[in-house]
Each structure stands twice: as structure tokens, then as C-alpha cells.
Protein chains: 2
Amino acid sequence: MSKRERAVTLREVAEAAGVSVATASRACSKPQLVTPETRELVAAAIDRLGYRPNVIAQDLKRASTGVVLVVVPSLSPYFLDIFRGVEAAAAELGYTALVGHSDRRGDREVAFVDRVRSRRADGVILATSVDSGGLHLGRPPMPPVVVALDECGAGYLPSVSVDHEAAAFAATSHLLALGHRRIAHIAGAAGSSMSEHRLQGFRRALAAAGTPLDPELLFQGDFTVEAGERAMERFLMIPHRPTAVFAANDEMALGALRACRRAGLKAPRDLSIVGFDDQRIAALTEPSLTTVGVPTLALGRQAMLQLGRILAGEAVQQKLVLPTKLTLRASTGPPPSA
Amino acid sequence: MSKRERAVTLREVAEAAGVSVATASRACSKPQLVTPETRELVAAAIDRLGYRPNVIAQDLKRASTGVVLVVVPSLSPYFLDIFRGVEAAAAELGYTALVGHSDRRGDREVAFVDRVRSRRADGVILATSVDSGGLHLGRPPMPPVVVALDECGAGYLPSVSVDHEAAAFAATSHLLALGHRRIAHIAGAAGSSMSEHRLQGFRRALAAAGTPLDPELLFQGDFTVEAGERAMERFLMIPHRPTAVFAANDEMALGALRACRRAGLKAPRDLSIVGFDDQRIAALTEPSLTTVGVPTLALGRQAMLQLGRILAGEAVQQKLVLPTKLTLRASTGPPPSA
DNA sequence: GCTCCAAATGGAAACGTTTACAATTGAATT
DNA sequence: AATTCAATTGTAAACGTTTCCATTTGGAGC
């Protein structure tokens with residue numbers, strides 16, 4: 001233990017000011033209940049002794065901490081945008097937001113939710129794949145948790161998300177409209193419901209256009225740049241190779257782009273590429289990336305507002321869905337044959 | 001307030017198990033002090049009632065939280081690497097690390113340090129520019145704070161950093177050795193001691209080589225990609241333009257690179273560029289970036305170890321300096337005339 | 001001058017733990 | 001059989017606040 005000297009308590013302040021502890025407490029937190037003179041007295045004592053309230057004691061008494069935890073799978077700019085959205089809304093509601101990253105490990109997710117169970121935080125926002133995470137929330141009562149971005153497959157947790165399926169449908173339709181017929185898909189991490197919805201949207205768009213899906217044009221990725229590279233390398237070895245690729249996120253689209261360049265192919269001349277997420281980097285690549293924009297800030301903001309309602313004991317809408325926006329940039333164009 | 005039902009307390013567990021609160025407490029935290037039978041009894045009751053200890057109460061009693069806060073200026077991958085270093089060491093020492101970002105705002109830094117003053121955290125690691133931040137730590141006793149990456153100019157806080165000046169000297173010397181004589185520098189944010197040390201190293205290298213510094217070749221940046229672009233645009237307008245540029249971080253080097261490409265210049269053929277930090281992206285740019293590697297993980301790790309010592313009441317070495325490493329990649333070469 | 005009331009204050013009980021101390025056991029030592 | 005001791009448990013006092021309740025005070029209204 002530290003040999004740091006004991007901190008100043010409210011008792012000592014009260015003594016120094018010549019008032020009772022109760023009055024000192026009131027002077028701090030409910031100034032209107034105390035005469036201006038006593039207020040002055042206490043303020044002077046606080047200043048003189050360098051008193052800081054012990055928030056842990058306050059939290060224990062008040063049975064709440066004013067802290068919400070935002071759990072993200074990785075500390076990447078994308079998720080941090082969601083966090084920023086949460087943070088802004090949290091500030092408005094008088095909460096403090098802190099980030100924690102789960103590294104996509106279920107046990108770490110549970111550890112964060114446990115912080116709520118053990119009263120170290122008031123609520124949790126999970127911007128992570130709940131279903132894959134093995135997050136078992138155990139017996140009721142359900143802790144105040146809101147899922148952001150993804151949704152809770154089991155349906156027992158409120159969520160704020162986007163319609164991944166519809167967005168993927170739109171992205172694929174864009175490629176079809178440009179004239180592409182052989183379109184490949186690089187799927188996201190297996191077991192993530194986000195990945196599955198995006199894949200379904202892709203499938204539905206092809207079906208709607210009457211274009212059969214060649215199983216060779218489907219690659220099981222995991223959201224990393226490397227997966228994108230491997231996928232594209234595979235696609236390029238197919239005799240009748242695809243003229244367009246729809247990746248389930250920007251990172252994989254980037255990997256695909258890089259593999260193309262290495263193979264001497266230029267997008268969009270030889271091949272069109274579409275990403276998903278509209279991460280900052282998507283606008284900066286060469287060529288810039290056509291991608292599906294996800295309203296990360298709004299997602300975080302709404303998740304926090306939902307959580308706020310839950311914490312206030314209000315009822316909340318179980319599923320909130322925010323709109324996406326297909327952003328056309330330089331990586332897509334008509335197929336080479338056209 | 002929430003209409004959530006009151007949580008199960010240790011008292012209820014004790015009653016259910018037919019033992020005293022003290023025994024129940026011991027069964028949880030000091031199992032060796034209790035007979036196996038009682039242990040069983042308590043465990044069963046805990047399970048039956050779904051008891052979770054109230055950590056806030058524990059913290060209050062123990063007068064410590066086991067939490068350390070890592071304050072970073074921005075949630076960028078670079079700082080998150082430092083965080084990861086802290087996190088790993090924290091886990092070894094039995095602490096939990098949480099990130100907070102200050103947005104380079106002094107008041108936010110102070111707010112985080114205040115969290116330890118008000119006992120919500122045991123210590124703080126500041127991976128941020130202390131001197132510019134207006135962080136006034138007020139009267140003693142000094143809270144347990146360690147500065148990482150930067151150092152505390154005023155010298156009243158222990159720090160773990162690298163020798164920015166020597167690293168900048170090495171980077172500049174590399175360019176000189178390649179034959180460059182007109183070398184420009186894009187400086188970091190004004191008021192950051194890191195920026196100043198890097199600038200000094202640059203100056204000293206030129207001086208050591210007997211090369212005078214043209215004031216036109218010095219640009220005051222702020223660590224952003226945009227600053228790098230603007231700097232390079234300025235440099236390219238100079239009649240006798242530089243053949244090499246040393247940027248105070250990778251982001252600005254990237255901006256410079258991009259401005260070059262737009263101007264139709266190719267690195268390293270027409271111009272050499274050196275960055276600082278060796279962020280992940282440095283290896284992925286086209287061309288890949290020659291840059292000064294900063295041991296971010298080790299920096300975080302050592303900072304946490306220092307903090308651990310302080311919290312244990314041990315004396316610590318005031319300044320710890322870790323080595324950097326110049327990583328040669330594809331963005332540097334001999335000047336065009338050579 | 002008396003009552004009544006609001007405002008200001010103090011005393012003390014909470015909040016849910018941990019732990020110092022005391023009390024109770026039963027076995028081992030003499 | 002008396003003594004000592006370790007092991008196990010219980011009682012109660014903390015930790016630093018907030019807040020309920022009671023008490024004191026000084027006017028205002030009669």
C-alpha cells in the first residue's frame with residue numbers, strides 16, 4: 001500500500017468550519033438549504049484544507065455512479081466514432097462515458113457487463129457482436145444494456161442498428177445497374193449477425209436481378225485487410241473472373257484493392273469494388289472507395305439516449321433502425337466489356 | 001430513478017446461509033479462513049440468490065479501486081498502442097486500465113486527474129502533452145500520475161519517454177548521408193515539447209553537417225494530414241525547392257506524400273520523405289514510409305510499471321528513456337541531381 | 001406576549017462491505 | 001484435570017457520504 005497521507009474528509013472540513021457534517025454536506029450539494037454565511041465558511045474551509053469529495057462514498061450512498069461503459073470489439077476509428085456519439089449524448093444527460101475493448105472475446109464482454117452488475121457503472125452499450133460473443137447475461141434482472149450497430153438475435157436486448165440487409169441490397173443493386181453480372185462477395189466474420197445480414201442483402205439483390213450466384217464468388221472473410229487480399233487473390237485465379245466485388249467492410253475492400261494493384265489491375269477500369277461502413281480512409285484511398293455509409297455518430301447517440309431512458313425507468317422501443325447511405329466514389333464503374 | 005429492484009446484499013446471503021455477515025464476507029474473499037462446509041453453504045446461498053458483490057462498497061472500505069486511467073489526446077491507433085502496453089502491464093499487476101481521451105483540451109485532462117483525486121481511480125497515465133495542456137496539478141500531495149511519451153517540462157512528474165531530439169537527429173542525418181542538402185521540416189503542434197525536441201534534433205543535425213537552415217524550409221504544422229499537405233504545397237512553390245522533407249510525424253508525412261503525388265512528383269525519385277512514429281499505416285503507403293519507430297507498447301508498459309511502483313509507495317526513477325529505431329523503407333533515396 | 005411557522009442546523013442512521021477484536025470451540029500439552 | 005493454543009465464528013466499528021428526523025432559532029400574525 002501507498003504511504004500517501006490520508007485524504008481530507010468532510011468531517012474535518014465541518015470541524016474547521018465550525019459546523020456539523022450534515023451542514024457541510026449540504027453546503028456542497030444543496031447550497032440553497034444553507035445561509036450564505038455558512039456557505040462561505042464551508043467554502044473557505046474546503047479551500048484551506050484542499051478537500052475533494054470522495055466520489056466512491058457518494059456513489060455508495062446514491063447507489064449510482066453516473067458512468068456508462070461502451071464496449072467495442074476493437075479500438076479502431078470506426079468504433080471510436082460510435083463512442084464519440086455516445087459520449088456527446090452522455091454529456092447531455094449528465095453521464096460520463098468510458099470505452100472498453102473486448103478484443104472480440106466473449107469473456108471480456110461479460111467482464112464489462114459485470115462492472116454494471118457490481119455497481120461500478122450504471123449501464124453498458126455493446127458495439128460488438130453479441131451473438132457470436134457468447135455473452136450469456138444470466139438470470140434476470142437484466143442489466144441495463146443497449147446493443148449498438150449489431151442487434152441482439154435472441155431479441156432480449158434493446159438495440160440501435162442499421163438495416164444491413166437493405167444496405168447490402170442497395171450496394172449490390174448499384175453494381176448490377178452498372179451492368180455487372182459476375183459479382184463476388186467477401187463476407188464478414190462468421191457468426192456475426194451483421195455479416196449474415198449483409199450476405200443476405202447481396203443474395204437477394206442477385207436473385208431480384210435474376211442473376212445466379214456462383215459459389216466460387218463467395219469468400220468467407222473476417223473483416224481484416226488481409227482477408228480482403230486473400231479473397232481477391234482467390235477471385236483472380238478463377239478462369240471466368242468477377243468484374244465486381246462487394247466487400248462486407250471497407251478494410252476488406254481495401255485489401256482487395258491492394259491485391260488488384262499488385263496483380264496489375266486498375267479499379268474501376270478492370271474491376272469495380274464496393275465497401276461497407278464508409279470509414280474515414282475510404283475517401284482517401286487511390287481510387288477512393290464507393291461504400292455504404294453507416295451513421296456511426298448517430299448510432300452512438302441514439303444508443304445512449306435509449307440507455308438513458310432505461311436508466312430513468314422508462315420503457316423503450318426494442319429495435320431502432322437508422323438509415324444508411326450509399327456513397328458513390330471512384331472505385332466503381334461499368335464492367336470492362338461494356 | 002429506475003424501478004429496478006434492489007440488489008441482493010451480503011446480509012441476505014448470510015441470512016440465507018445461516019451464518020454471520022462477517023463469515024459470508026470471509027467465505028468470499030478469504031476462503032482459507034472458513035471451513036469447507038461453511039464455504040459450501042455460502043456459495044450455495046450466493047448462487048441461489050444471484051448475489052454480486054457491490055464493488056463500490058468494497059472500494060470504499062479498501063480505499064482503492066484497482067483502476068488506472070490512461071489519458072490520450074486522441075483515440076488514434078498510435079495512442080491506442082500505448083494503451084495496449086499499459087493494459088497488458090496493468091493486468092499483470094492486478095489493475096484494470098481504462099482509456100479516456102482529452103481531445104487535447106486541458107480541462108478534460110484535469111477532469112481525468114480529478115477522478116483519482118476523488119478516489120474513482122487509483123492513478124493516471126498521461127499520454128498527452130502536459131506542458132501545453134495547462135494541466136495545473138494544484139497543491140500537493142501530488143496524485144499518482146506518470147507521463148508517457150512526452151515528458152513533464154516542469155519536471156515534477158515522473159515520465160517514460162523517448163529521446164525525440166536524438167531520434168530527429170538520426171532521421172535528419174540519414175537524409176544528409178544520402179546526399180541531401182536542402183532539407184525541409186514540418187514541425188508538430190506548437191507548444192508541445194515533443195515537437196520542440198524533434199525540431200531541435202533536426203537543427204542540430206544540419207548544424208553538425210555545416211548546412212545552414214533556410215527559414216523558408218520550416219513549416220509550423222499540427223500533426224494532421226492536412227498540415228502535411230499544406231506544408232508540401234508551400235515547399236513546392238519555393239524556386240529552389242527542397243529535395244527532402246522530414247515531418248514530425250507520419251500523418252504529416254502522409255499529407256506531404258499526397259501533395260507530391262498531386263503535383264506529379266514521385267517519391268523517392270523526385271523527393272525523399274521521412275516521418276516519425278512508425279504508425280501501422282507507414283508500412284502500407286505507396287511508397288512505404290521511412291520513419292522513426294517509437295516503441296509504443298513498451299512505453300505504455302513501462303509507464304504502468306512506474307505507476308505500479310508509485311502506488312506501492314516505492315520510489316521511482318524520475319525519467320525513463322526508451323530507445324527509438326530509424327526504419328528505412330521506400331520513401332527515401334539520393335537526391336535527383338545525384 | 002403568545003402561538004405558529006419556516007428556515008437553518010445538528011444528531012444519527014443509513015449505504016454494503018471489510019476487519020479488529022472478542023467469544024467459542026475442541027484438541028493438544030502439561 | 002487444568003492450561004494453552006489454533007481454528008472458526010460472531011459482534012460491532014469502521015470507510016465517507018447523504019438524508020431523515022428532531023431541534024433550535026427568529027420573525028410574523030394574533
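To find a chain, count down the sequence lines: A is the first, B the second, and so on, and within it residues start at 1.
Taking 4.0 Å as the cutoff to heavy atoms of chain A, we find the contact window on DNA chain D bounded by D:dG16 to D:dC20.
B:Thr35 comes within 4.0 angstrom of sugar-phosphate atoms only, judged by non-hydrogen atoms across all strands, and of no base. Here A:Arg119 lies out of heavy-atom contact (under 4.0 Å) with every strand.
The pair B:Arg105-B:Asp107 meets the salt-bridge criterion, since a charged nitrogen lies less than 4.0 angstrom from a carboxylate oxygen. Salt-bridge formation is not detected for the pair A:Arg120/A:Asp59: no Lys NZ or Arg NE/NH1/NH2 atom is positioned less than 4.0 Å from an Asp or Glu carboxylate oxygen. Salt bridge present: A:Glu92 and A:Arg301 bring a charged side-chain N and a carboxylate O closer than 4.0 Å.
Residue A:Arg26 contributes atom CZ, which lies 12 Å from atom C1' of C:dA12 at whole-angstrom precision. Computed from coordinates, the A:Lys61 NZ to C:dT17 P distance equals 15 Å when rounded to whole Å. C:dT17 atom P lies 13 Å from atom CZ of A:Arg120, rounded to whole Å.
Put simply, the side chain of A:Arg52 reaches to within 4.5 Å of the side chain of B:Asp114, judged on heavy atoms. With a 4.5 Å cut-off on side-chain heavy atoms, B:Leu126 and B:Asp150 do not count as touching. Annotation: side chain of B:Leu69 is not in contact with side chain of B:Val116 (no heavy-atom distance under 4.5 Å). Taking the side chain as every heavy atom from C-beta outward, A:His101 and A:Arg108 approach each other to under 4.5 Å. Between B:Arg115 and B:Val71, every side-chain heavy-atom pair lies at or beyond the 4.5 Å cut-off.
Distance alone, capped at 3.5 Å, is enough to place a donor-acceptor pair between the B:Asp122 side chain and the B:Gly66 backbone.
Both A:Ala22 and B:Pro36 lie close to DNA chain D; mapped to their nearest nucleotides by heavy-atom distance, the more 5′-ward contact belongs to B:Pro36.
The nucleotide whose nearest atom lies closest to any side-chain atom of A:Thr23 is, among C:dG11, C:dT9, C:dT17, C:dT9.
Between C:dT18 and B:Lys30, no contact under 4.0 Å exists linking OP1 or OP2 to a side-chain N or O.
Within residues 11-20 of chain A, no residue places a heavy atom under 4.0 Å from DNA chain D.
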